[in-house]
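A short write-up of the structure that comes next.
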Amino acid sequence: MEFHPFIEKSSTQEIKAFQEEKLQELLAYLEGNSPFYQRLFKENNINVEEISRLEDLQKIPVTTKNDLQQYNHDFSVLLQIRL
């Protein structure tokens with residue numbers, strides 16, 4: 001886990017910009033490495049490059065408990081890649 005202590009004393013705008021940068025990094029990672037999210041993005045016609053602001057998160061369906069149970073292997077593969 002990365003720590004970013006500078007963010008604690010940053011302005012609201014700087015914090016939001018930081019969060020949006022991390023959001024874009026995460027979406028790119030998921031698109032490249034997660035079978036579950038690759039399928040989710042494709043089925044819902046989601047172009048991750050169009051999700052650049054925190055407000056854009058509402059375009060992505062919520063991952064449910066049922067998703068985690070039904071597609072557990074897809075999430076396990078993702079965890080193995082990260083480790």
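Checked against salt bridge (Lys or Arg N to Asp or Glu O under 4.0 Å), Arg53 has the following partners two or more places apart in sequence or in another chain: Glu55, Asp56.
In this structure, NZ on Lys16 lies 12.0 Å from OG on Ser11, to the nearest 0.5 angstrom. Distance CG/Leu68 to NZ/Lys65: 9.5 Å, rounded to 0.5 Å. Rounding to the nearest 0.5 Å gives a distance of 9.0 Å between CG of Leu57 and CD of Glu20.
With a 4.5 Å cut-off on side-chain heavy atoms, Thr63 and Phe36 count as touching.
The environment of CD in Gln69 is crowded: more than 12 heavy-atom neighbours from other residues, nucleotides or ligands sit within 6.0 Å.
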Side-chain donor-acceptor contacts of residues 40-47 below 3.5 Å, not counting sequence neighbours, with atom names and distances?
unit_1 : atom_1 : unit_2 : atom_2 : d
Asn44  : ND2    : Leu40  : O      : 2.9
Asn47  : OD1    : Glu49  : N      : 3.0

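Side-chain heavy-atom separations under 4.5 angstrom define the hydrophobic clusters, and the remaining members of the one that includes Phe6 are Ile7, Ile15, Phe18.
Looking at every heavy atom in both residues, Val62 comes nearest to Asp67 through O-OD2, 3.8 Å.
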Practice task
Walk me through it: do Gln24 and Ser52 pass the test side-chain contact (heavy atoms from CB on, under 4.5 Å)?
Solution key: CA-CA 6 Å; Gln24 290 170 342; Ser52 58; 3.0 Å; yes
